[in-house]
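Since the model is a prediction, treat every value here as computed from it, not as a measurement. Residue numbers begin at 1 in each chain, while the letters A, B, ... track the order of the sequences.
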2 protein chains.
Amino acid sequence: MDIKNELSMEKAILETAENMFLNKGFAATSTTQIAKEVGCNQALVHYYFRTKENLFNVIFEQKFKLFFQNAFDAGNLDNLKFTDKLKYIIETHFDILSNNPRLPVLIINELARQPHQIEILRDKLRMIPELLFKKLNEELRLEIEQGRIRDVNLMDLLISLISLNVSLFIFMPIIETVLLMDETQKEFLIKHRRAENVEFILKSLRP
Amino acid sequence: MDIKNELSMEKAILETAENMFLNKGFAATSTTQIAKEVGCNQALVHYYFRTKENLFNVIFEQKFKLFFQNAFDAGNLDNLKFTDKLKYIIETHFDILSNNPRLPVLIINELARQPHQIEILRDKLRMIPELLFKKLNEELRLEIEQGRIRDVNLMDLLISLISLNVSLFIFMPIIETVLLMDETQKEFLIKHRRAENVEFILKSLRP
DNA sequence: AAGTAATTTAATAGTGCTATTAATTTAGTA
DNA sequence: TACTAAATTAATAGCACTATTAAATTACTT
């Protein structure tokens with residue numbers, strides 16, 4: 001609490017709430033618990049954020065934006081050849097997930113709880129990937145024409161890419177328990193899968 | 001309710017509860033809501049299942065067993081060559097998921113809520129896949145030795161397989177909203193990804 | 001048809017949660 | 001130092017939920 005008091009209460013509440021929402025989801029987290037964890041009065045949570053719903057949305061939107069902005073930022077890769085660019089995208093996407101391992105589950109659950117949020121999200125999402133998508137697709141078609149890559153849809157490629165990357169973090173709690181892994185082994189697996197996903201995808205794309 | 005009354009109340013409660021737990025998770029589902037949906041008194045839910053926790057566990061264990069028994073039953077495939085066997089496993093696994101599309105999210109959430117359940121699960125799981133794993137691994141090593149498949153771990157192959165299959169159903173609610181898909185398009189995508197996952201994996205395994 | 005067990009309901013105790021209000025404390029300013 | 005705004009707390013209204021109990025109803029058996 002001393003540590004927390006050095007920061008502003010508002011931020012402390014935000015951070016604690018973020019952790020609790022990520023770990024236990026919206027329904028299983030109460031403002032009472034958040035306050036207890038922070039070490040402040042429960043009314044204070046409502047003083048700053050008015051409602052639990054609102055507190056959640058502040059966190060959700062912020063995390064969500066951060067996540068998608070970074071995860072699908074292809075950067076300045078114009079000088080790279082297609083497979084290297086793809087490798088970069090896979091690895092960057094993987095690393096973002098690695099820094100936000102619980103976020104996918106939160107997103108999945110929140111969108112199940114409030115389906116209309118998906119539509120809001122859709123509009124926000126449209127801009128970012130459409131540009132990347134168009135450009136990547138042209139390059140992919142060219143690679144295919146020139147026989148350097150087998151015939152494949154970009155959409156399918158992206159679904160596979162995201163699937164491979166995201167699943168590891170979704171299933172990590174299960175994997176580490178079932179296989180009785182310690183921290184070192186966990187880190188090793190993550191590092192290993194990062195490379196494996198790249199290899200798996202690139203090998204699959206060979207003509 | 002008339003329809004429900006023809007069955008036993010107990011089963012009606014079980015089925016309704018199953019749907020609600022699958023759709024909204026444990027915390028966001030109440031025995032009051034279940035009873036309202038079934039059309040019976042709320043106390044009846046507790047009469048048959050004593051506690052909400054217990055009701056959930058009954059459903060969870062039943063679903064879980066059913067799921068894993070089927071999903072990793074390689075059947076009598078001894079006469080098939082490795083890639084055909086693999087194809088069969090991918091497709092069977094996919095089909096089980098297709099019939100239980102919401103189950104993965106339920107499992108992920110439940111295991112986050114009660115981490116010790118993973119350990120219980122681990123012991124139950126051990127038997128089923130270990131046999132399959134050993135056998136498959138031998139065959140895979142043989143294929144690699146004989147140059148028909150590139151060098152790859154069975155564990156990595158299985159993680160990729162499960163990732164590709166499961167993710168589609170986890171993300172389906174998002175995909176269909178973002179891409180504005182109707183029922184027909186949804187079915188098409190599922191059918192398409194079923195084949196695509198097989199192709200993606202098999203192409204990747206080429207030496 | 002009477003008696004017994006199983007099923008179902010009504011009522012409610014007890015708990016924890018969200019949100020609000022008014023009072024109190026703290027910090028900042030003139 | 002006195003005044004004002006911001007931050008924090010205490011108290012509580014009001015609600016929904018879980019679980020239990022006792023009463024009522026239905027089904028079953030002899």
When you measure from the side-chain N and O atoms of [X] to the phosphate of [N], is any distance below 4.0 Å, counting only OP1 and OP2?
X: T31(A); N: dT18(C); answer: yes
X: Y47(B); N: dT7(C); answer: yes
X: S30(B); N: dA16(D); answer: no
X: T32(A); N: dG16(C); answer: no
X: H46(A); N: dT18(C); answer: no

Mind calculating the distance between [atom1] ([X]) and [atom2] ([N]) to the nearest angstrom?
X: K52(B); N: dA16(D); atom1: NZ; atom2: P; answer: 15 Å
X: L44(B); N: dT20(D); atom1: CG; atom2: P; answer: 15 Å
X: M9(B); N: dT26(D); atom1: CE; atom2: C1'; answer: 13 Å
X: N41(A); N: dT25(C); atom1: CG; atom2: C1'; answer: 13 Å
X: F49(A); N: dC17(C); atom1: CZ; atom2: P; answer: 19 Å
X: K36(A); N: dT8(D); atom1: NZ; atom2: P; answer: 20 Å
X: F26(B); N: dC17(D); atom1: CZ; atom2: P; answer: 13 Å
X: F56(B); N: dT18(D); atom1: CZ; atom2: C1'; answer: 17 Å

Task: Side-chain (T29(A)) to main-chain (M20(A)) donor-acceptor, under 3.5 angstrom - done: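 The answer is yes, because a donor-acceptor pair under 3.5 Å joins these two groups.
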
Open item on the list: Checking the side chain of S204(B) only, and the main-chain atoms of F200(A) only, is there a donor and an acceptor separated by less than 3.5 Å?
Closed with: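 Side chain of S204(B) to backbone of F200(A), a donor-acceptor pair under 3.5 Å: yes, one is there.
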
Open item on the list: Any base atoms under 4.0 Å from Y48(A), or only sugar-phosphate, or nothing? Heavy atoms, all strands.
Closed with: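 Result for Y48(A) = sugar-phosphate.
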
Task: Sidechain N-carboxylate O distance under 4.0 Å for R141(A), E138(A) - done: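 E138(A) and R141(A): not salt-bridged.
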
Open item on the list: One thing to verify: whether R150(B) and E199(A) come together as a salt bridge, which I'm taking to mean a side-chain N less than 4.0 angstrom from a carboxylate O.
Closed with: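 A salt bridge is present here (some side-chain N lies under 4.0 Å from a carboxylate O).
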
Open item on the list: Would you call the rings of F21(A) and F56(A) parallel, tilted or perpendicular, taking 30° and 60° as the class edges?
Closed with: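 Taking F56(A) first and then F21(A), their aromatic rings stand perpendicular (interplane angle over 60°).
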
